[in-house]
Amino acid sequence: MKDKLLLVIVLTCILGSVLVSSLEFLSYTFKAIFYAISMTVLLIIGNVVLFKYFRRGNEGSI
């Protein structure tokens, strides 16, 4: 993945979670679904980055 696209996705997940938590009129079900999707996306991205890092060794940058 490109670094800029990765940064946009991570920032969207984090800032979206902050926005969703501050909105009182949203149901708890919607909030829970949004949090679960955001956490899943962040975990997948983290696992891919770690896999690439350990596969290449310490020569590559994260």
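Nothing fancy with the numbering, it's 1 onward along the sequence.
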Show the atom names and distances, to 0.1 Å, of all donor-acceptor pairs under 3.5 Å that link a side chain in residues 14-21 to residues at least two apart or in another chain.
{"unit_1": "Ser17", "atom_1": "OG", "unit_2": "Cys13", "atom_2": "O", "d": "2.9"}
{"unit_1": "Ser21", "atom_1": "OG", "unit_2": "Ser17", "atom_2": "O", "d": "3.3"}
{"unit_1": "Ser21", "atom_1": "OG", "unit_2": "Val18", "atom_2": "O", "d": "2.9"}

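Cluster annotation: Leu26 is not connected to Ile33 through the hydrophobic network of ILVMFWY side chains, with a link wherever side-chain heavy atoms come within less than 4.5 Å. Note on Val48: it does not cluster hydrophobically with Phe54, by side-chain heavy-atom contacts below 4.5 Å among ILVMFWY residues. Phe34 and Leu23 fall within a single hydrophobic cluster, where Ile, Leu, Val, Met, Phe, Trp and Tyr are joined by side-chain heavy atoms under 4.5 Å apart, directly or via other members.
Taking OG1 of Thr40 as the start and CD1 of Ile45 as the end, the distance is 11.0 Å to the nearest 0.5 Å.
Clustering of Ile, Leu, Val, Met, Phe, Trp and Tyr side chains at separations under 4.5 Å places Leu7 together with Leu11. Clustering of Ile, Leu, Val, Met, Phe, Trp and Tyr by side-chain heavy atoms under 4.5 Å joins Leu43 with Met39.
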